[in-house]
Every structure is written in C-alpha cells, then in structure tokens.
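For reference, the structure discussed in these notes is given below.
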Amino acid sequence: MSTKPTNVEEIKKELIAKMPTKVARKRAKSILPGTEMGEPIPEIQSNVRTIPGIITQRGCTYAGCKGVVLGPSRDIVNLTHGPIGCGFYSWLTRRNQTEAGPDGENFIPYSFSTDMTEHDIVFGGEKKLRAAIQEAYDTFHPKAISIFSTCPVGLIGDDIHAVARTMQEELGITIFANSCEGYKGVSQSAGHHIANNQIMKHVIGTDDTTPIEGKFKVNMLGEYNIGGDAFEIERILEKCGFTLVATFSGNSTVQDFRVAHNADLNTVMCHRSLNYVAEMMETKFGIPWIKVNFIGAEASAKSLRRMAAYFEDQELIDRVEAVIAEELVAVNKVVDEIKPRTEGKTAMLFVGGSRAHHYQELFKELGMKILGAGYEFAHRDDYEGRHVLPSIKVDADSRNIEELEILPDPERFKPRKTEAQMAKLNEQGVDFKGYEGMIEGMGKEAMVIDDINHYETEKLLEIYKPDIFCAGIKEKYIVQKMGIPLKQLHNYDMGGPYAGFNGAINWYRDIDRMVNTKVWNLIKAPWQSTGPELEATYVA
Amino acid sequence: MALLRHTTGEIKERSALTVNPAKTCQPVGAMYAALGVKGCFPHSHGSQGCCAYHRSALTRHYKEPVVAGTSSFTEGSSVFGGQSNLITAIDNIFTLYDPAVIAIHTTCLSETIGDDLRQISQKAIDDGKVPDGKHIIYASTPSYVGTHVTGYANMVKGILKGFVKKTGTPNGKLNIIPGFCEPSDMAEMRRLASMMGIDITMVPDTNGVLNGPLTGHYEMYPNAGATPAEIATMGDSIATIGLGRWATTEAVNYLDSEFKVPGKVLPLPIGLKATDAFVDMMRRLTGKDVPDSINFERGQVVDILSDYSQYFYGKKVAMAGDPDQLLALVEFCITLGMIPAYTVTGTPGKYFEERMTELLKDVPYDCKFKCGGEADMFLLHQWVKNDPVDLLIGNTYMKYIARDEDIPLIRHGFPILDRVGHQYFPTVGYSGAMRLMEKFLEALLNRLDRDAPETRFELQL
C-alpha cells in the first residue's frame with residue numbers, strides 16, 4: 001500500500017496553485033486540516049457565495065425549500081409556481097419514501113406546477129397561480145397546499161403570499177407560500193431557513209384539540225426518510241417506548257406538524273436544515289432540543305441513551321439499554337465478518353450539510369479512515385460547533401432571509417424542565433442545544449473543505465486515491481471513471497436505509513461490496529498490462 | 001394501494017395546473033446539445049440550482065460524467081445584472097478547466113432581467129478573458145418558452161452560428177442534424193450514412209461523450225463530438241438533413257438562409273417508414289446508391305414484422321414524450337398494426353396536431369392526443385383509467401402508471417433514470433426498428449405468459 005500524503009498545508013497549496021489569484025485567496029479560507037479531540041478549532045470560511053464558473057456541488061434555495069424540507073411531507077400539495085423545469089427536477093428525485101397507509105393521502109409521486117409561459121412572465125402569474133390552486137383543490141381535495149416560487153416569480157413580483165391568504169379564506173384549507181427563489185442566499189441552505197419559517201408561522205402548533213397520547217413524546221427534526229431511514233428510526237423509537245409525534249419531514253403529514261408542539265423533546269438529525277425550527281419551538285413552546293445522530297450503530301445507541309436520560313425515567317432507561325443490547329448482537333456479528341476486509345481502507349465525504357459528519361461514524365465502525373470531508377451548504381456552526389454562533393457575521397445574502405421574531409407563546413409556553421434539572425442533565429451529557437460540529441476529532445491528517453469544487457475534487461482524488469468517495473449523482477461517474485467507487489449519500493444509489501441498527505448492517509454490506517468488488521481490476525485488458533510480455537508460447 | 005392513488009378517471013378541465021409533466025425546460029436540452037461538441041464546456045447563466053438540476057438530470061439519464069458551470073446568481077446579480085458573474089465565470093473556466101469552447105445558455109432568471117449574452121461575450125473577449133484559439137458560443141433558452149426540445153434546437157443553432165463559415169469550395173459532405181435523441185441513435189445515423197459511402201458532418205454528436213468507456217482516467221473532454229473545425233465547414237456542404245421537426249428546423253433553416261446550403265427536415269428515423277425516408281433522402285441529396293447491406297437490414301425489419309404481426313395487431317398503446325419521438329413512434333406503431341390510442345407531449349406545436357390527425361386518419365379507433373400546457377402524464381393516466389391499453393411507452397416516470405394499471409412499459413425518451421441500454425443501443429434506423437419490435441414483443445408476450453391459464457401456457461409462437 002502506498003503511503004498517503006499527510007501534510008494538509010502542502011496539499012492545500014497544490015489545490016489552489018492553478019487558480020486565479022482572487023479565487024485562490026478565497027478558496028484558501030475554506031480549506032483546513034481537521035483537529036485532534038480537545039484542540040481549539042480554527043475558523044473555516046463557509047456559507048459564502050459560490051465562485052461563478054467553478055463547477056460547484058451546490059444547488060439553489062428552491063431546492064432546499066421544496067426539494068429538501070417540505071417536499072417529503074406527503075399530504076401537502078407542493079405546488080411549484082414557475083416555468084416547468086423546477087417542478088420537474090424536484091419530482092421524486094430524492095427518494096423520500098412514504099407509507100401512507102390504507103386510507104392515507106400521498107402526493108409524493110406527483111409533480112405540481114403552474115408551468116408559467118412567456119405570457120405569465122409578461123403579464124404576471126398571480127391569476128394563473130390562483131387558478132392552479134383552485135384546480136388542485138377541485139381535483140385532489142388536499143388538506144393543505146404549499147406554494148414555492150422560482151427565480152422569475154421574484155423578479156416579476158407576484159405576491160404569492162397574498163394569493164395564498166385569499167385562497168385559504170376561499171377554500172378553508174391551509175395554504176401557505178414560500179418565497180424561495182433560487183437566487184436567494186448562496187446555496188440550498190437559504191431554502192431550508194425559508195421553509196422552517198413558513199411551517200413555523202403557518203402550521204406548527206395550530207391544533208390544540210387533538211390529544212396526543214404517550215409518555216415520552218419526541219419530534220425528529222431534519223430526517224427526510226431517504227431510502228427508508230425514518231422507518232428504521234421509527235421502529236427503534238417505538239421499540240424503546242418513545243412516542244414519535246412528528247418527523248420533519250420524512251413521511252410526515254400536515255397534521256403531525258400541527259400537533260408537534262405537544263412533544264416534550266425535539267431531536268435534531270440534520271442540524272443545518274432544521275435547527276431553526278428547533279430553536280423557534282424552544283422559544284415559543286418551551287421544548288428543549290438535543291442533537292442526535294442515528295447514522296452508525298454506536299451513534300444510534302448514544303443518541304437513544306441521551307434521549308432516555310432526558311426523560312429521567314428508569315424504566316425507559318432500562319428498556320433503551322435492553323434494546324441497544326439486543327440490536328447490537330446482529331450488528332456486531334456483521335461487523336466481525338466484514339471488518340477484516342475493510343479495516344485500514346480510506347474514505348472521503350463531500351456532501352450535504354450534516355451527512356459528511358454523520359457518515360464518518362459508520363466508516364469508523366468498519367475500521368476505515370477518513371482522509372477528508374466537507375459540506376456542500378453548511379455554515380460555520382456545522383463545522384466548528386454552535387458555540388461560534390455569536391461570532392458569525394451575517395452577510396448581505398443571509399440578511400435577505402427573514403428572521404422570525406419568536407416570543408414565548410402566552411398560553412402554550414410550558415418549560416419541560418426546571419433550570420436546575422436542565423443544568424443537571426447537561427452535566428450528565430444530555431447537552432441541550434449543543435452541537436460540536438464536524439471538525440472536532442477528525443485528526444490533523446484529514447482535510448476539511450467547504451463547498452468543494454470539481455477542480456479540487458479531481459486533484460484530491462489524484463493525490464489521495466481513496467478507496468471510496470462519497471458525494472452525489474453529479475460527482476458519481478466522474479469519480480468512477482477514475483476507478484474509484486462513489487457512494488451517493490444524497491440518495492444512496494437505491495440502497496438504504498442506513499440509519500439505526502438495521503441501517504448500519506445495510507451500510508456495512510454495501511461498503512464491503514464497493515471497496516472489495518473486482519470490477520476495478522478489470523479496467524485494463526490483458527494486452528494493456530504493463531507487465532513483461534510472454535516471450536514464447538509452448539506449442540504442443 | 002395505488003402509487004398514484006389520487007388519480008381518478010374523472011377528467012376535469014384544467015387551464016393552469018400541470019400535474020406530472022411530459023416535458024421539462026429549455027436549458028437541459030441546450031446543455032445536452034453542447035456536450036456534442038468536442039472540447040465544449042456548457043455554462044448555465046443563472047442561479048446555481050438550474051445547473052445542478054440539469055447536470056443531475058443528464059447524469060441520471062446517461063450514467064456518465066456531465067460537467068457544466070453556473071454564473072451562481074445571488075440576489076445582487078439578479079438586481080444589477082449578471083455580466084460580472086459571467087465574465088468571472090468565463091475567466092475561471094478557461095483558467096481551471098481549459099475547454100476549447102464555452103457554450104453559454106440563459107435561464108429564466110437571466111432572460112427575465114434581460115442579460116444580453118452577445119454583448120457580455122464580446123466584453124469578455126475585449127477584456128482578454130478568452131484565450132487565443134478558444135471560443136465562446138451562446139444561445140437564448142428561457143425556460144418559460146417551449147421545452148427541453150426547444151432548448152436543444154436553440155443551442156444547435158447557437159453552435160452553428162458560432163462556427164460555420166463559407167469558403168465557397170464545396171466539401172462534398174452532407175450535414176446531419178440529429179434531433180434530441182440518444183448517443184446510440186446518433187451513432188446509428190452515422191453508420192447508415194457510412195454504409196451508403198456518404199461523408200457527413202454531424203452536429204451535435206454525443207456518441208462517445210455520453211456513452212464512453214471506463215478507462216481509469218477521467219476525461220473532461222472525451223475524444224468524441226463534432227470538432228469546431230469540422231462544424232466550421234458546414235457552410236460548404238452539399239445539403240443538410242435535420243431529423244426531427246422541433247429539434248432541428250431552426251438549424252436547418254439557418255444553414256439554408258445564411259449559407260445557401262439546402263436543407264430537408266425529416267422525422268426522426270424511428271421505424272420502417274421514417275428510416276426509409278431518411279435513407280431515401282440521403283440517396284437523393286448525394287446521388288449515392290442504397291447498398292445491398294442496407295436493403296438486407298430493411299428486409300430483416302419487414303421479415304420480423306410479417307412473422308410477428310399477429311401479436312402487434314390491434315394492440316392499444318399509450319405514450320408520452322417529445323413530439324419528434326412521438327410522431328415517429330406513432331407512425332411505427334400504426335405500421336405494426338397497433339393502435340396509438342393515447343398520446344401526450346408537453347411540448348407545444350400546431351404541427352403535432354396536424355400530423356397526428358393525418359397519421360391517425362385510417363386507424364379504426366377514437367384515438368386521443370394532446371400537446372402543450374396541461375398535456376401531462378396525469379391526463380394520459382386518466383385516459384388510460386377510462387379505457388385501458390396493452391402497452392405504455394414513455395420515460396421512467398411512466399412506471400408509476402404502469403404499476404398502478406398493471407400495463408407493461410417500454411422505456412423510451414427522456415429521462416430514463418432506472419435502466420441502462422438506451423445510451424448504447426439505438427432505436428433509430430432499421431436496427432433500431434428491430435430492437436423496438438423485440439422490446440414490444442417481449443413486453444406483450446411476457447404479459448401473455450404471466451396471465452395465461454396453465455392450459456394455454458405456450459412454448460412456441
């Protein structure tokens with residue numbers, strides 16, 4: 001095995017050497033080495049504008065709002081207001097799975113668009129939007145309709161919120177709009193924030209009459225049920241005795257959102273996409289939140305323990321321990337089988353705004369080493385931890401995203417724990433509102449790169465030649481042409497679930513297959529081999 | 001329960017809501033066309049999402065690397081114009097990715113704010129951002145006009161405008177503008193021309209670009225596609241054949257009006273008659289004879305058709321897709337004795353209605369078809385619910401209808417997300433016709449086998 005370069009600073013110089021000066025200067029601030037556990041974490045530049053022409057992994061605000069956060073809610077008609085493309089591309093491409101049940105509603109397989117044409121751009125699209133809402137109502141009778149604006153809508157000034165209000169009054173169902181034009185903000189992240197604001201304003205906590213039974217009520221935030229992850233998490237939570245009130249937003253319903261304020265604990269999976277709702281619900285209803293991670297068997301166990309500790313109920317704590325012990329039997333059996341084949345192999349992950357962190361756990365369980373990781377649309381707190389929040393400068397692009405003024409609800413604010421209880425739990429490691437970020441503990445040999453571009457990716461692959469690379473569909477075949485397997489962490493290549501204990505097992509098997517498959521040895525034909533030619537042939 | 005459980009047979013008039021579209025937007029077609037030029041780097045002038053979506057859509061369909069740049073508009077660029085973003089992008093692209101050509105297309109955002117690509121490109125040249133011997137070409141592709149097919153057509157014309165010259169010395173070549181079709185289809189068109197001994201220039205040509213080999217090396221610019229030098233000579237050609245009315249008319253007319261290269265627009269050569277028309281037009285334009293090798297292949301198509309027509313005859317088909325593809329498929333289905341009962345395309349165009357009416361005039365069935373706004377897969381599904389068909393033809397999104405209604409699906413068109421083959425095996429030409437018949441027959445007979453009672457479970461045709 002060849003030795004991998006370990007000097008991050010040298011490699012960084014190589015990455016930016018060919019770039020125009022201004023570009024190199026900017027990119028240098030987004031590339032740094034990881035840190036050892038307990039070391040101070042340096043500042044990384046993130047959530048800044050993408051450099052034009054650079055071949056980015058990033059998408060847009062609409063993609064974050066409709067595609068990521070609100071898209072997976074199954075009984076809301078998600079109506080894209082714009083030309084046909086945006087609605088078309090966000091149609092079923094994220095593999096958000098749903099189980100609507102025998103009588104349930106499920107609009108996930110549908111794509112709804114106002115399909116704006118030149119006439120609408122010139123004369124305004126409000127009339128068409130109104131008509132489309134009416135037609136959606138007449139044809140589908142949904143409980144709720146959510147509207148998403150695309151780039152030209154913002155420019156021509158359609159007041160989608162006014163249309164939503166009027167139509168809500170006329171039709172008597174929940175209708176709300178998201179001004180998530182693609183150009184707002186610098187990445188998908190802006191769209192997450194916009195979606196968070198709108199569900200908070202229009203849906204969360206709007207039903208006080210439906211009783212929610214259950215002793216240990218939790219919400220799962222930032223889990224989108226890609227490849228059935230949420231199903232596995234639901235299975236485990238139920239087995240442990242938790243009551244899952246709402247998942248934001250994998251396999252979710254508008255009713256789940258309406259009663260979500262009944263939960264006593266919010267757990268946050270994807271910190272980047274849903275931390276706003278967690279914060280706002282704490283302020284408004286008094287629900288504390290903790291960061292969890294259900295990617296990785298050990299991580300799942302740790303998260304379950306923290307959730308149980310929060311409720312301070314011995315029976316629950318015991319049951320969680322029993323479930324963990326039971327589930328780990330199967331997990332360990334597979335790890336024992338596979339680890340000898342994966343131990344020491346190397347991986348890189350450049351994806352998402354939490355996944356590049358979460359999936360490191362799974363690789364570690366297989367004894368694999370992380371050579372580099374980074375996020376596509378994260379902010380500094382996702383890298384450095386939430387303690388840096390006060391020091392994050394709000395720039396013009398972020399300022400364009402509305403910050404909701406949230407106050408404690410005069411009637412419904414109810415602290416779940418006393419301050420003393422919170423402090424005690426904090427000491428015991430429940431760690432409210434805490435997220436240490438990705439960089440901590442990655443080690444000095446690992447590279448951390450924010451908003452990696454194609455050029456840097458290609459260079460890194462040449463230098464490190466990792467055994468596996470994790471990114472998305474746009475990167476997949478580029479990397480594989482180089483003879484390196486790529487695992488998609490956005491949509492899992494039809495695989496999954498990877499969350500929870502069964503998910504971990506699925507992951508181990510998939511990674512074993514990917515790093516040990518024979519296919520990469522077949523690239524050269526016998527006559528292309530560089531070895532010595534046979535000089536003579538024996539003829540009988 | 002059904003996947004599309006909210007789709008009922010009750011058809012209500014819609015005027016504003018599109019559900020499950022049978023089309024997408026212009027830039028993805030422009031990006032695809034640009035990839036058919038050697039050394040070309042497509043660039044999307046707008047906000048990031050467009051480029052990300054288009055790259056993803058093309059990558060998912062072709063299962064090959066698709067790189068492209070974006071001007072990465074934020075709110076500021078949307079207000080003040082995208083010139084500075086585009087010039088920065090051009091500089092960065094030539095510096096880091098060293099293409100021979102950058103092919104820029106607009107989006108609904110840059111079109112709405114009125115960015116002028118010609119002016120910005122000129123400024124980039126004046127500012128010294130375009131290295132010697134390198135090129136910028138462009139096309140206007142607002143997403144709120146037409147569809148991905150229009151975008152393809154616009155970029156093909158943009159490519160020609162960027163390179164074609166006339167020297168006055170005839171080059172003896174034939175120009176072929178393939179419609180929006182697979183790399184394998186482009187290769188097949190070339191093979192037919194080559195069997196006739198005709199020297200062609202094909203633009204775009206994605207064969208080898210979007211169905212390339214695995215070598216252990218990533219080539220951003222595969223050794224394939226039409227070269228700028230080749231494209232430049234198209235003004236000296238004998239004639240141009242465009243295959244597909246929506247996708248190629250612009251380009252064919254451009255070569256005719258600007259360079260006096262006469263042009264003919266034919267249907268995509270899918271099926272027997274459309275392939276005959278293509279071969280015959282090549283013969284007439286070049287004066288070359290049709291060789292026996294082509295007559296042999298054609299004869300094989302007729303042979304299969306006669307042997308198996310009993311299984312095709314009277315079978316009802318519902319299909320969704322692009323108009324160029326659909327018109328040829330409808331004609332082929334009729335040739336096979338099938339009934340193209342329901343057809344929708346989101347791409348508008350009066351000719352679709354005229355041609356469909358003409359094609360269907362002797363079909364003994366009340367066939368329905370629709371194009372443009374609200375001609376979507378939701379409507380197609382409703383039609384099928386009211387009157388089931390034997391076969392569905394369309395892209396991957398049709399698999400939901402196929403499962404719900406328990407009807408076999410032939411994947412055809414764009415995008416095919418969940419299968420391979422389309423990149424490698426043509427559906428055009430005589431060999432394509434054979435492949436389509438094989439697929440149709442396979443689907444119909446598999447279904448027959450599945451449903452047959454034990455007493456009628458047959459071993460032979």
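Order of the sequence lines sets the chain letters (A, B, ...), proteins ahead of strands, with each chain counted from 1. Since the model is a prediction, treat every value here as computed from it, not as a measurement.
Among the candidates A:Ala190, A:Ser111, A:Cys60, A:Pro83, the residue making the largest number of heavy-atom pairs closer than 4.5 Å to chain B is A:Ser111. Ranked by heavy-atom pairs shorter than 4.5 Å toward chain A, the options B:Asp91, B:Thr7, B:Thr147, B:Val79 are led by B:Thr7. Per-residue counts of heavy-atom pairs under 4.5 Å with chain A were compared for B:Ser84, B:Ala68, B:Pro65; the largest is that of B:Pro65. Contacts with chain B were tallied for A:Thr139, A:Leu92, A:Val186; A:Leu92 has the most, counting heavy-atom pairs under 4.5 Å. The greatest number of non-hydrogen atom pairs below 4.5 Å with chain A, out of B:Gly69, B:Ser44, B:Ser78, is found for B:Ser78. The candidate with the highest count of non-hydrogen atom pairs below 4.5 Å against chain B, out of A:Ser113, A:Gly85, A:Pro152, A:Ser90, is A:Ser113. Ranking A:Phe107, A:Tyr62, A:Trp91 against chain B, the residue ahead of the rest is A:Trp91, based on heavy-atom pairs under 4.5 Å. Ranked by heavy-atom pairs shorter than 4.5 Å toward chain B, the options A:Ile484, A:Ile133, A:Ile51, A:Ile54 are led by A:Ile54. Interface summary for chain B: among A:Gln57, A:Arg58, A:Lys184, A:Met116, the most heavy-atom pairs under 4.5 angstrom belong to A:Arg58. For chain A, the option among B:Pro415, B:Ser143, B:Gly82, B:Ser47 with the highest count of heavy-atom pairs below 4.5 Å is B:Ser47. Chosen from B:Glu10, B:His43, B:Met377, B:Arg60, the residue pairing most often with chain A at heavy-atom distances under 4.5 Å is B:Arg60. Ranked by heavy-atom pairs under 4.5 Å with chain A, the list B:Val145, B:Thr112, B:Leu96, B:Asn85 is led by B:Leu96.
For a residue to count as touching a neighbouring chain, one of its non-hydrogen atoms must lie under 4.5 Å from one of that chain's; by this rule A:Met19 touches chain B with backbone and side chain alike. When heavy atoms are compared at a cutoff of 4.5 Å, A:Gln480 approaches chain B solely by way of its backbone atoms N, CA, C and O. Contacts between A:Pro109 and chain B at a heavy-atom distance below 4.5 Å involve backbone atoms as well as side-chain atoms. Heavy atoms of A:Ile473 lying under 4.5 Å from chain B belong to its backbone as well as its side chain. Heavy atoms of A:Ile121 lying under 4.5 Å from chain B belong exclusively to its side chain. Only the side chain of A:Val23 comes within less than 4.5 Å of a heavy atom of chain B; its backbone N, CA, C and O stay farther away. In this structure, chain B has no heavy atom under 4.5 Å from any part of A:Lys22. In this structure, chain A has a heavy atom under 4.5 Å from the side chain of B:Lys12, while its backbone stays farther away. No part of B:Pro142 comes within reach of chain A, as not one of its non-hydrogen atoms sits under 4.5 angstrom from that chain. Contact of A:Arg49 with chain B is made through the side chain alone, with heavy-atom distances under 4.5 Å.
Applying the side-chain contact (heavy atoms from CB on, under 4.5 Å) test to A:Thr98 and every residue at least two apart in sequence or in another chain returns A:Arg74, A:Asn106, A:Ile108, A:Asn251.
A distance of 6.0 Å or more separates the ring centres of B:Phe378 and A:Phe112. When ring centroids are compared, B:Tyr97 and A:His454 come within the 6.0 Å threshold.
Annotation for B:Phe80: atom CZ does not count as buried by contact number, only 12 or fewer foreign heavy atoms lying within 6.0 Å.
Side-chain polar atoms of B:Ser77 and A:Tyr183 form no donor-acceptor pair below 3.5 angstrom.
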| request: Could you walk me through whether A:Tyr477 and B:Thr59 pass side chain to side chain donor-acceptor pair (under 3.5 Å), step by step? | output: CA-CA 8 Å; A:Tyr477 300 100; B:Thr59 306; over 6 Å; no
| request: Check the pair A:Ser187 / B:Gln48 against side chain to side chain donor-acceptor pair (under 3.5 Å), numbers first and verdict last. | output: CA-CA 8 Å; A:Ser187 71; B:Gln48 270 154 218; over 6 Å; no
| Derivation of the side chain to side chain contact (heavy atoms under 4.5 Å, CB included) call for B:His6 and A:Val77 | CA-CA 11 Å; B:His6 302 282; A:Val77 162; over 6 Å; no
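By the 4.5 Å heavy-atom criterion applied to side chains, A:Leu461 and B:Tyr218 are not counted as neighbours. A 4.5 Å side-chain heavy-atom check between A:Pro52 and B:Leu86 finds every atom pair outside the cut-off.
The shortest heavy-atom contact between A:Pro20 and B:Asn92 is CG-OD1, 3.3 Å. Between A:Thr56 and B:Arg55, the shortest heavy-atom contact is O-NH1, 3.5 Å.
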Would you tabulate the side-chain donor-acceptor contacts of residues 123-131 of chain A under 3.5 Å, counting partners in other chains and residues two or more places apart, or write 'none'?
unit_1: A:Glu126; atom_1: OE2; unit_2: A:Asp159; atom_2: N; d: 2.7
unit_1: A:Lys128; atom_1: NZ; unit_2: A:Thr114; atom_2: O; d: 3.1
unit_1: A:Lys128; atom_1: NZ; unit_2: A:Asp115; atom_2: O; d: 3.0

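Salt bridge B:Glu64/A:Lys481: present, at least one basic N to carboxylate O contact under 4.0 Å.
A donor-acceptor contact shorter than 3.5 Å is absent between the side chain of A:Tyr89 and the backbone of B:His54.
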